[in-house]
Amino acid sequence: MTDQINTPNKIVDLMKQKYGLTHISKTITVTSNDTLYTLYRKTARYLYKNGVENGDYTDKDEVLALSHKLDIKENEIKKVDSSKLAPEEKIEFEKKFKFKNTQKDKWEDHIYQYQKDGEKTFIFIKPNGSIPSTYYGQRRYWTDTNETIKQRASLNTYYNGLPDTDTTPWITRANNRNEKVYFTAYSRDLLIGYDKLNIDLKRNFKEKSLEPLNELIDNLTDPKNSGSSNEYLFSPDAYYEIFAKQAHMPTYEEWQNTPEESLLKIRINKEDTEKNQKPKSAIEKELSEYLINKDQIIPKTTVSNVLSKNQTLNFVNRYLKDTYNYNMMLSKLDQVMQHSFKLKRILIKQLKQKWNVSLMIYLNILKKSKLIMM
């Protein structure tokens, strides 16, 4: 019983160490239909909801997450007043992304700005609800007076029709052709939640290079990958696992005895580009760059990259299962505790009816008999 009592504390301590959470009250609902993508998103929102409710996550976490997302320093991100926006820009954003003020928070308190290479970018953080984080727009200086062209590139047309993908949507007119002002927007829950997950994932990833993990994180946090057509990005490639176990590096003798029309001979020709016979050492060097299994020949680098991606996918899968299992374990332990308290009340009531002694005596009797947890 003692271990069970201490386990919730251990879980909370771990969540505090990993994500800065001092208390866990929100839950994750996991179904058989969840993919790695949806589970990553659910876990990010779960962390955010707990962190906000506890007061663990503040605007500092917002700025930190932005600095990681934009790959710039925190002090380069400045909070700005909404008066810096043109009136029509404010109206357009409020309308497009359904920005709302609550009693606790105002969306206008989550506007930031940073400058890079002479370009100024406004960043809008939606404090409640979600928006596509791929949004972007700009102020444009129009020399063309054709209203049809302007309309095609407008914010409303761009996000509700079939836009010209080479045209960045515009909101207001720039003062001159040298003024470069851009806009982007993010959901606060996913911005901060993803950031907490990303940081801890990288901290626990033991491979030499973070490149495969960074690539996977980019895919997991891209709203465009939410559909079923992109599920392949989040499933290990079983074919390469089997191929790698069965394949071998082809030898020079094997290459020599292979028919001219074989894939191995086609891939590694006996002549160079100038039709000169290749020396044995050159052919052996080329052979060393491939793996072969029956009639399949694949570059070693390709196999290595796919296996690395598989390993990274398996790592993130295990990581997420561990993370949401903390929550499941806590829920079960809460049930045990609640059941114990109910049992305590029932036993006390029964004993009081039978013997007329003080409450403390009953509790001591129950404690010594190990029928309840104290």
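FYI, side chains are in, hydrogens and waters are out, and symmetry mates aren't considered; it's all heavy atoms of this structure. Starting from 1, each residue takes its place in the sequence as its number. Quick caveat, the model's predicted, so the values are computed rather than measured.
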Are Lys280 and Tyr252 in a cation-pi contact, defined as NZ or CZ under 6.0 Å from the six-membered ring centre and within 45° of the axis?
yes

Test item: Arg188 and Tyr48 side chains (from C-beta on) under 4.5 Å apart, heavy atoms
yes

With side chain to side chain contact (heavy atoms under 4.5 Å, CB included) as the criterion, how do Glu62 and Ile125 come out once you've worked through the C-alpha distance, each side chain's angles and the decisive distance to 0.1 Å?
CA-CA 9 Å; Glu62 190 170 273; Ile125 309 296; 3.6 Å; yes

Between Asn54 and Asn50, do the side chains contain an N or O donor and an N or O acceptor separated by less than 3.5 Å?
no

Treat each ILVMFWY residue as a node, draw an edge where side-chain heavy atoms are under 4.5 Å apart, and state whether Leu64 and Ile72 are in one component.
no

Salt bridge (Lys or Arg N to Asp or Glu O under 4.0 Å) evaluation trace for Glu215 with Lys309
CA-CA 9 Å; Glu215 183 180 340; Lys309 289 180 181 178; 3.5 Å; yes

Quick check: does any side chain N or O of Lys73 sit under 3.5 Å from a backbone N or O of Ser67, one acting as donor and the other as acceptor?
no

How many angstroms lie between NZ in Lys69 and CG in Asp195, if you round to the nearest 0.5 Å?
9.5 Å

Cation-pi, Trp255 ring and Lys265 (6.0 angstrom, 45 degrees):
yes

Ser83 backbone acceptor or donor facing Asp81 side chain under 3.5 Å:
yes

Report yes if the side chains of Pro299 and Arg267 come closer than 4.5 Å at any heavy-atom pair, otherwise no.
yes

Rounded to the nearest 0.5 Å, what separates atom CD in Gln115 from atom CD in Glu76?
10.5 Å

Over all heavy atoms of both residues, which pair between Thr258 and Glu254 is shortest? Give the atoms and the distance, please.
OG1-O, 2.5 Å

Quick one, Ile199 and Arg203 - any side-chain contact, counting heavy atoms below 4.5 Å?
yes

Do His248 and Ile292 have side chains that get closer than 4.5 Å, going by heavy atoms?
yes

Is there a donor-acceptor pair under 3.5 Å between the side chain of Asn310 and the backbone N or O of Pro236?
no

Asn214 and Lys202, any side-chain heavy atoms less than 4.5 Å apart
yes

All heavy atoms of Tyr290 vs all of Lys300, minimum pair found to be O-CE, 3.8 Å

For residues Leu201 and Leu210: do they belong to one hydrophobic cluster (side chain heavy atoms under 4.5 Å, members Ile, Leu, Val, Met, Phe, Trp, Tyr)?
yes

Could you check whether Glu289 pairs with Lys285 (Lys NZ or Arg NE/NH1/NH2 to Asp/Glu carboxylate O, under 4.0 Å)?
yes

Would you say Gln246 has more than 12 foreign heavy atoms packed within less than 6.0 Å of its CD?
yes

Check whether any side-chain heavy atom of Thr121 lies under 4.5 Å from a side-chain heavy atom of Leu70, and answer yes or no.
no

Out of curiosity, does Ile266 fall in the hydrophobic cluster containing Ile283 (side-chain heavy atoms, cut-off under 4.5 Å, transitive links)?
no

Gap between atom NZ of Lys42 and atom NZ of Lys49 - 0.5 Å precision:
10.5 Å

Is a side-chain donor or acceptor of Asp222 paired with a backbone partner of Asn219 at a separation under 3.5 angstrom?
no

Do you know which two heavy atoms are closest between Pro212 and Thr312, and how far apart they sit?
CB-OG1, 3.5 Å

Check whether any side-chain heavy atom of Ile298 lies under 4.5 Å from a side-chain heavy atom of Leu291, and answer yes or no.
no

Enter the distance from Ile192:CD1 to Tyr57:OH here, rounded to the nearest 0.5 Å.
8.5 Å

Greater than 12 external heavy atoms within 6.0 Å of Lys270's NZ:
no

Out of curiosity, Leu190 CG to Leu47 CG, how far, rounded to the nearest 0.5 Å?
11.0 Å

Of all heavy-atom pairs linking Leu220 and Tyr194, the shortest is O-OH, 3.6 Å

Can you find a pair of side-chain heavy atoms, one from Tyr37 and one from Glu231, that are under 4.5 Å apart?
no

Leu66 CG to Tyr114 OH distance, which is reported to the nearest 0.5 Å
9.5 Å

More than 12 heavy atoms of other residues, nucleotides or ligands under 6.0 Å from NZ of Lys79: is that the case?
yes

Is there a chain of hydrophobic side chains (I, L, V, M, F, W, Y, each step under 4.5 Å between heavy atoms) that links Leu313 to Leu39?
yes

Please test Phe122 against Lys84 for side chain to side chain contact (heavy atoms under 4.5 Å, CB included), starting from the C-alpha separation and ending with a verdict.
CA-CA 10 Å; Phe122 284 99; Lys84 298 286 185 181; 4.1 Å; yes

State whether a side-chain donor-acceptor pair under 3.5 Å links Tyr40 with Asn198.
yes

Sidechain N-carboxylate O distance under 4.0 Å for Glu74, Lys60
no

Identify whether Phe243 and Leu264 are in the same connected component of the hydrophobic contact network (ILVMFWY, side-chain heavy atoms under 4.5 Å).
no

Write down the atom of Arg41, the atom of Ser226, and the distance for their closest heavy-atom approach.
NH1-CB, 4.1 Å

Measure across Thr38 and Thr35 and return the closest heavy-atom pair with its distance rounded to 0.1 Å.
OG1-N, 2.8 Å

Taking atom types as modelled, is there a side-chain donor on Lys278 or Asn269 under 3.5 Å from an acceptor on the other?
no

Does any donor atom in the side chain of Tyr19 or Asp56 lie under 3.5 Å from an acceptor atom in the other side chain?
no

